[in-house]
S.K.: 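Below you'll find the structure I mean.
The figures that follow rest on heavy atoms only: side chains count, while hydrogens, waters and symmetry mates do not.
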Amino acid sequence: MNIESRPPLRPFHLAFPVHDLDAARTFYGDLIGCEEGRSDSHWIDFNLYGHQLVAHLDQTYTALPMVNPVDGEQVPVPHFGVVLTMAEWQALADRLSAAGIRFVIPPTIRFEGQVGEQATMFFQDPSGNALEFKAFASDDRLFAKE
């Protein structure tokens, strides 16, 4: 099934561990700009660009660092994020830079001049979870092979 024949995308749901809910609330809510949904003493729902992101408290959680080489960079695995428009990506990159976020891989263009050319950046939340936000000049290049 190609992307043109698929029905409109539905929101994804991702539940992940964090070691501090207050730090997650500040990071995802205040810095990334996610609206907070339902919450409890052990979890928080966030609206991540229309997707349901749920931070679950595990005070003993430690992210295990692992990387894979991609286009000359050491990409953290696992990671999650969203494909944004170029304008949204730039606004987020500017906001994170202004806040002094330490990037794992700073905002850059990967695969420059190739079919998969994309703007990308990697950083970690306070619990060490790796995030990647990316953008393409045209969304039809997301899965393009040639």
S.K.: In terms of hydrophobic clusters joined by side-chain contacts under 4.5 Å, are W43 and L14 together?
M.R.: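 They do not share one cluster, since no chain of ILVMFWY contacts under 4.5 Å joins W43 to L14.
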S.K.: Can you classify the ring geometry of F80 versus Y28 as parallel (below 30°), tilted (30 to 60°) or perpendicular (above 60°)?
M.R.: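 Parallel.
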S.K.: Apply side-chain hydrogen bond (donor to acceptor under 3.5 Å, both in side chains) to T62 and list each qualifying residue two or more places apart in sequence or on a separate chain.
M.R.: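 Checked T62 against side-chain hydrogen bond (donor to acceptor under 3.5 Å, both in side chains); zero matches.
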S.K.: Any chance you could measure L92, atom CG, to T85, atom OG1, to the nearest 0.5 Å?
M.R.: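 One gets 10.5 Å once the value is rounded to the nearest 0.5 Å.
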S.K.: Apply side-chain hydrogen bond (donor to acceptor under 3.5 Å, both in side chains) to T60 and list each qualifying residue two or more places apart in sequence or on a separate chain.
M.R.: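 Only D58 meet the side-chain hydrogen bond (donor to acceptor under 3.5 Å, both in side chains) criterion with T60.
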S.K.: Please list, chain by chain and in numerical order, all residues satisfying side-chain hydrogen bond (donor to acceptor under 3.5 Å, both in side chains) with T26, sequence neighbours excluded.
M.R.: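 With neighbours one apart ignored, the set is empty.
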S.K.: Are F136 and W89 connected in the hydrophobic side-chain network, where two residues link if heavy atoms are under 4.5 Å apart?
M.R.: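 The answer is no; the residues belong to distinct hydrophobic clusters.
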S.K.: Other than V70, which residues form its hydrophobic cluster under the rule that side-chain heavy atoms must be closer than 4.5 Å?
M.R.: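 Reading the cluster by chain and number, V70 sits alongside V75, V104, I105, F111, F122.
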S.K.: Considering only residues two or more places apart or on different chains, which pairs with a residue in residues 66-81 satisfy side-chain hydrogen bond (donor to acceptor under 3.5 Å, both in side chains)?
M.R.: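 Residue pairs with at least one partner in residues 66-81: H79-E132.
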S.K.: Each residue besides Y61 in its hydrophobic cluster should be listed here, by chain and number; the cluster joins Ile, Leu, Val, Met, Phe, Trp and Tyr at side-chain heavy-atom distances under 4.5 Å.
M.R.: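 So far as hydrophobic clustering goes, Y61 is joined with none.
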S.K.: Do D140 and S138 have side-chain atoms, one donor and one acceptor, less than 3.5 Å apart?
M.R.: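 Result is yes, a qualifying pair exists.
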S.K.: Kindly state each residue pair satisfying side-chain hydrogen bond (donor to acceptor under 3.5 Å, both in side chains) with at least one member in residues 90-111, sequence neighbours excluded.
M.R.: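 Output for this query lists Q90-D94.
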S.K.: Please list all pairs passing the salt bridge (charged side-chain N to carboxylate O under 4.0 Å, His left out) test where one or both residues lie in residues 32-43, with sequence neighbours left out.
M.R.: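 For residues 32-43, and leaving out neighbouring residues, the salt bridge (charged side-chain N to carboxylate O under 4.0 Å, His left out) pairs sorted by first residue read R25-E36, R38-D45.
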S.K.: Does L84 belong to the same Ile/Leu/Val/Met/Phe/Trp/Tyr cluster as L142, with side-chain heavy atoms less than 4.5 Å apart forming each link?
M.R.: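 Cluster IDs for L84 and L142 differ.
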S.K.: Determine the minimum heavy-atom distance between A93 and M121, stating which atoms define it.
M.R.: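 Looks like N-CE, 3.6 Å.
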S.K.: Check the pair K145 / V115 against side chain to side chain contact (heavy atoms under 4.5 Å, CB included), numbers first and verdict last.
M.R.: CA-CA 7 Å; K145 295 180 184 179; V115 69; 5.9 Å; no
S.K.: With sequence neighbours excluded, what pairs up with P11 under the side chain to side chain contact (heavy atoms under 4.5 Å, CB included) test?
M.R.: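 Counting only residues at least two positions away or on another chain, P11 forms a side chain to side chain contact (heavy atoms under 4.5 Å, CB included) with H51.
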S.K.: List the residues meeting side-chain hydrogen bond (donor to acceptor under 3.5 Å, both in side chains) with D20, not counting sequence neighbours, and say none if there are none.
M.R.: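 With neighbours one apart ignored, the set is empty.
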S.K.: Hydrophobic clustering (ILVMFWY, side-chain heavy atoms < 4.5 Å, transitive) - are V82 and V54 grouped together?
M.R.: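 No, because V54 and V82 fall into different hydrophobic clusters, even though each may have its own neighbours under 4.5 Å.
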S.K.: Taking atom CG of L131 and atom CG of L48, what is their separation to the nearest 0.5 Å?
M.R.: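 Between atom CG of L131 and atom CG of L48 there are 8.0 Å.
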S.K.: Where is the tightest heavy-atom contact between I44 and L21, given as atom of each residue plus distance?
M.R.: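 Closest heavy-atom pair between I44 and L21: CD1-O, 3.7 Å.
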S.K.: What residues, two or more places apart in sequence or in another chain, satisfy ring pair (Phe, Tyr, Trp, His ring centres under 6.0 Å) together with Y49?
M.R.: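 Residues passing ring pair (Phe, Tyr, Trp, His ring centres under 6.0 Å) with Y49: none at all.
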S.K.: Identify the heavy atoms of A99 and L31 that sit nearest to each other, and give their distance.
M.R.: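 Closest pair (atom of A99, atom of L31, distance): CB-CD1, 3.5 Å.
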S.K.: At their closest point, which heavy atom of A63 faces which heavy atom of S127, and how far apart are they?
M.R.: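 Scanning both residues completely, I find the closest heavy atoms to be CB-O, 3.9 Å.
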S.K.: Tell me, please, which residues at least two apart from F123 pass ring pair (Phe, Tyr, Trp, His ring centres under 6.0 Å).
M.R.: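 In terms of ring pair (Phe, Tyr, Trp, His ring centres under 6.0 Å), with neighbours along the sequence ignored, F123 is linked to F133.
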S.K.: Over all heavy atoms of both residues, which pair between M86 and A137 is shortest? Give the atoms and the distance, please.
M.R.: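 Heavy-atom minimum between the residues: CE-N, 3.7 Å.
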